[in-house]
Each structure stands twice: as C-alpha cells, then as structure tokens.
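Encoded as structure tokens, here's the structure I'll be asking about.
Keep in mind that what you see is a predicted model, and the values were worked out from it rather than measured.
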Amino acid sequence: MRKVIVTGGAGYIGSHTVVELARAGFTPVVVDDLRNSHRSALKGMSELIGSVPSFHSVDCLDLERLHEVFKLEGEVHGVIHFAAYKAVGESVAEPLKYYENNLGSLVNVLQVMQWRGVGALVFSSSCTVYGQPARMPVDEGAPDHTASSPYGYTKVVGERMVRDAVRANHTLRSVLLRYFNPIGAHPEGHIGELPIGAPGNLVPFLTQTAVGLRKQLVIHGSDYDTPDGTCVRDYLHVVDVARAHVMALDWMDQQAAPLVETFNLGAGEGRSVKEVVELFEEVSGVTVPKVYGPRRAGDVSAIWADSSKSRRVLGWRCEHDLRSALRDAWNWQLALQATMARK
C-alpha cells in the first residue's frame with residue numbers, strides 16, 4: 001500500500017489527482033481545510049473511485065495538527081503539496097496573504113516530512129515562475145526568477161525551499177511540476193472547477209457567464225503584443241495534469257535520493273483568450289456576452305510550454321485537446337446548474 005498525503009486534495013487539481021492516484025493503486029489521504037474548496041468534492045471523488053478517501057480538515061499552517069495527521073496515517077509513501085492560494089490578481093492586491101499561506105504551509109509540510117521520514121514530494125508549481133519569457137516555447141532551463149506577481153514569486157521561493165531542503169536532507173526526492181493553464185473537468189462528471197466567489201480564471205468565468213450566473217465576460221486587455229491583442233496561454237486538460245502527478249511518483253520510486261527535477265506541464269501551443277472564447281461558443285452553442293476591460297495586474301502577454309522533458313523522462317503527454325477540455329468544463333457547469341435547480 002502506497003499511501004500519499006494530498007494537501008489541498010479537495011481543490012480543483014487536487015481532487016482530480018486523488019482520483020488518478022486511487023485508480024493507479026495508491027491510497028490517497030486528503031488534507032484540506034475547505035476554505036477554498038467544497039465538501040461536495042469529497043462526494044464526487046468517492047463516486048469516481050468507489051470508496052471514500054481518508055479526509056482531514058486541517059490547515060497546513062497549523063504545524064501541530066498537520067503533524068498529527070501524519071502520525072495518525074502511519075507509514076506515508078509520499079506527499080503531493082497543492083495547498084496554496086493561486087489567483088494572480090488577488091496576490092497583487094494582497095501579497096502578504098500569499099506569502100504567509102503559500103510559503104508557511106510549505107515550510108510546515110517539509111518540516112513534518114523530515115520528522116516522519118517521508119522521502120517523496122511532488123510540489124505544485126507554476127509557469128508563473130518564468131514571468132514573461134524572452135523566447136517561446138519556454139523550457140525548464142529558462143530563468144525562473146522573474147515572476148510578475150506575488151503568487152508567481154511564492155512559487156519561485158517555494159521551489160528554492162524544496163531544493164534547499166533536499167540539499168540538507170539527502171533522503172529526500174522531489175519533483176517540481178510547473179503547470180501552465182489547467183482547464184476542464186472530469187469527463188465522467190462528479191468533479192470539476194468550482195471557485196468560491198467570482199472566478200479568477202477564464203474558463204469558469206466563461207461557463208458561468210454562458211449559463212447566466214454572470215452578466216458578461218470581461219476580457220482583461222485587448223492591446224497586448226499578440227496576434228489578436230488578447231493574452232496567449234497554454235491550456236491543458238486537468239485530468240492530464242492529474243495523471244502527471246502519478247507518473248512523477250512512480251518515476252521517483254526508481255530514482256536514488258537526493259533528487260530534485262523540474263518538469264513543465266503544457267499542451268505545447270499558445271491559444272489566445274479570444275480564440276478560447278470563440279471555440280467555447282462553438283462547442284457550447286452559446287454566444288457569450290463579453291466586453292474588453294483593462295489589463296489585469298501581474299499578467300504576462302504570452303507564454304506556452306516546451307514539455308518535451310516531461311515526454312522524454314516521465315512518458316507524459318496530453319491525451320485531451322482544447323475542444324474536449326472546454327466540452328468537459330461546459331458539461332460540468334450544466335450538471336451544476338441541474339443540481340442547483342433540484343434544490
């Protein structure tokens with residue numbers, strides 16, 4: 001039995017990863033204080049994997065309670081650390097909130113792992129560590145100290161913290177996964193992106209506008225140096241992101257400690273916000289009311305991934321395209337609306 005503690009495991013990427021872990025034969029343990037996620041995700045995960053995962057409602061900033069979780073669970077094979085705030089714009093407005101939570105929680109996780117002798121960590125990082133790259137596609141060797149937002153900088157510092165911890169603790173192995181833009185929902189239903197309050201990401205705002213929960217979609221910026229003036233990003237299906245965590249754990253099992261490796265997770269192509277909106281309208285059959293607004297603080301104009309290292313080393317590649325990701329996101333939103341209508 002390979003037991004894996006998943007911090008932030010009731011969140012968007014975390015819940016999909018719990019499902020993939022269980023289906024791959026791991027025993028996932030969810031640690032989440034539900035401040036930024038919903039208890040319904042636990043029910044959805046259970047329906048997909050056929051059992052209820054172990055769950056602890058614990059804030060990772062609470063070192064004593066986090067340590068108690070590890071003690072209660074006994075032998076732990078590894079940790080996947082998602083628990084963090086992740087909105088670029090909010091981090092610009094409230095940087096101290098992000099520094100306290102994102103860095104403090106990682107310090108505690110690393111501390112408890114050392115105390116308990118847990119030797120494998122997958123760290124949820126981000127392409128925001130690159131800031132605005134000088135060239136595209138961006139690979140793992142690009143400079144990673146030019147983050148454009150406090151959120152991105154917490155990932156830069158977080159990666160440094162992991163590297164320093166591995167250097168000091170020669171029994172530790174870690175994989176740093178730099179996500180580009182995960183979107184979509186589980187194709188079988190039951191779990192998807194369910195933001196609390198106004199969505200900070202494009203696709204949930206798009207789907208909520210399409211069903212009438214939002215008056216109109218605001219596209220932040222129309223004057224970027226891109227083909228149509230809107231930001232360009234690398235969008236990939238959340239299930240593909242989740243699969244990468246399982247592959248990272250399996251790969252680490254074959255490697256000697258100490259170890260730190262960084263991998264990009266992206267589809268490898270840039271798509272503009274305008275393109276994504278138009279493709280969503282085609283997939284859903286809904287014309288979405290939209291306006292252009294000012295640029296959002298902390299956003300870069302364009303970024304997409306070179307994920308060849310992930311393909312070569314982990315054997316990972318995207319199995320879903322943008323159209324299927326938007327279709328799954330739309331089906332998830334429709335399912336949510338149907339559930340709300342029955343209440």
Side-chain angles (χ1 to χ4, degrees), residues 11-16 35-38 40-41 84-94 98 126-128 148-149 151-152 179-186 191-224 226 228-238 241 267 270-303 322-340:
Y12 176 43
I13 304 175
S15 60
H16 288 80
R35 84 174 79 163
N36 231 14
S37 55
H38 295 263
S40 61
Y85 295 133
K86 63 182 182 67
V88 168
E90 182 187 54
S91 78
V92 174
E94 301 184 67
Y98 274 67
S126 167
C127 68
T128 55
S148 301
S149 68
Y151 163 69
Y179 316 148
F180 279 65
N181 289 71
I183 62 170
H186 202 282
I191 55 174
E193 191 165 8
L194 189 56
I196 294 175
N201 297 327
L202 170 63
V203 172
F205 209 113
L206 186 53
T207 61
Q208 288 187 12
T209 305
V211 295
L213 294 177
R214 305 283 166 190
K215 180 180 179 182
Q216 58 190 6
L217 172 71
V218 179
I219 298 175
H220 298 285
S222 58
D223 59 349
Y224 284 100
T226 61
D228 62 23
T230 65
C231 288
V232 171
R233 296 289 184 268
D234 187 333
Y235 298 92
L236 70 163
H237 201 294
V238 66
V241 177
R271 304 294 288 267
S272 75
V273 171
K274 186 171 183 290
E275 282 184 282
V276 172
V277 173
E278 290 173 350
L279 182 57
F280 173 79
E281 290 179 328
E282 180 183 322
V283 167
S284 66
V286 177
T287 300
V288 178
K290 62 190 84 65
V291 295
Y292 288 94
R295 294 186 181 191
R296 187 171 57 180
D299 276 343
V300 299
S301 61
I303 187 169
L322 179 58
R323 177 180 291 272
S324 65
L326 292 173
R327 180 200 63 218
D328 292 339
W330 178 232
N331 288 339
W332 165 247
Q333 186 67 61
L334 292 175
L336 288 176
Q337 292 304 108
T339 299
M340 291 171 59

I need the minimum non-hydrogen distance between A267 and L236, along with the two atoms involved. N-CB, 4.2 Å
side-chain contact (heavy atoms from CB on, under 4.5 Å), that's the test. Do K86 and N201 meet it? Break it down for me. CA-CA 10 Å; K86 63 182 182 67; N201 297 327; 3.4 Å; yes
D228: partners by salt bridge (charged side-chain N to carboxylate O under 4.0 Å, His left out), with sequence neighbours left out: none
Considering residues at least two apart in sequence or located in another chain, which fulfil the side-chain hydrogen bond (donor to acceptor under 3.5 Å, both in side chains) criterion with S40? none
Which atom names give the shortest non-hydrogen contact between L326 and V283, and what distance separates them? C-CG1, 4.4 Å
Residues passing the side-chain contact (heavy atoms from CB on, under 4.5 Å) test with H220, sequence neighbours excluded, are V218, R296
How far apart are the C-alpha atoms of E193 and V238, what are their side-chain angles, what is the distance that settles it, and do they pass the side-chain contact (heavy atoms from CB on, under 4.5 Å) test? CA-CA 9 Å; E193 191 165 8; V238 66; over 6 Å; no
Gap between atom OH of Y235 and atom CG of L322 - 0.5 Å precision: 8.5 Å
So, does H16 use its side chain to make a donor-acceptor pair with the main chain of A185 at under 3.5 Å? no
Please give me the minimum heavy-atom distance between A329 and V203, naming the atom from each residue. CB-CG1, 3.7 Å
According to salt bridge (charged side-chain N to carboxylate O under 4.0 Å, His left out), who are the partners of R271, at least two apart in sequence or on a separate chain? E269, E275
By salt bridge (charged side-chain N to carboxylate O under 4.0 Å, His left out) - contacts of R35 (at least two apart): D33, D59
Which residue, V300, V273, L202, I303, forms the side-chain contact (heavy atoms from CB on, under 4.5 Å) with C231? V273
Residues passing the side-chain hydrogen bond (donor to acceptor under 3.5 Å, both in side chains) test with D328, sequence neighbours excluded, are H237
side-chain contact (heavy atoms from CB on, under 4.5 Å) with L336: which residues, sequence neighbours excluded? L194, W332, Q333
Roughly how far, to the nearest 0.5 Å, is CD1 of I183 from OH of Y12? 7.0 Å
If we ignore hydrogens and angles and just use 3.5 Å, is the side chain of R295 paired with the main-chain N or O of D223 as donor and acceptor? yes
So, for V286 and A210, which heavy atoms are closest and what is the spacing to 0.1 Å? CG1-O, 3.8 Å
Considering residues at least two apart in sequence or located in another chain, which fulfil the side-chain hydrogen bond (donor to acceptor under 3.5 Å, both in side chains) criterion with E94? none
Set out, in order, the CA-CA distance, both residues' side-chain angles and the distance that settles side-chain contact (heavy atoms from CB on, under 4.5 Å) for W330 and V211, then state yes or no. CA-CA 9 Å; W330 178 232; V211 295; 3.4 Å; yes
Restricting to side-chain hydrogen bond (donor to acceptor under 3.5 Å, both in side chains), what partner residues turn up for R327, sequence neighbours left out? none
Roughly how far apart are Y292 OH and I219 CD1, rounded to 0.5 Å? 4.5 Å
Keeping Y224 on the side-chain end and V232 on the backbone end, is there a donor-acceptor pair under 3.5 Å? no
About how many Å separate CG of L213 and OG1 of T207, when rounded to the nearest 0.5 Å? 8.5 Å
With E278, which residues qualify under salt bridge (charged side-chain N to carboxylate O under 4.0 Å, His left out), at least two apart? K274
Just how far is it from atom CG of L334 to atom OG1 of T339, taken to the nearest 0.5 Å? 11.0 Å
What residues form a side-chain contact (heavy atoms from CB on, under 4.5 Å) with S91, not counting sequence neighbours? Y98, S149, P150, Y151
Check the pair V277 / K290 against side-chain contact (heavy atoms from CB on, under 4.5 Å), numbers first and verdict last. CA-CA 9 Å; V277 173; K290 62 190 84 65; 3.5 Å; yes
Test: R233 cationic atom under 6.0 Å from F180 six-membered ring centre, within 45° of axis: no
T226 and A302 have their tightest heavy-atom pair at CG2-CB, 4.3 Å
Check side-chain contact (heavy atoms from CB on, under 4.5 Å) between P289 and all other residues, then give those that pass, not counting sequence neighbours. T209, Q216
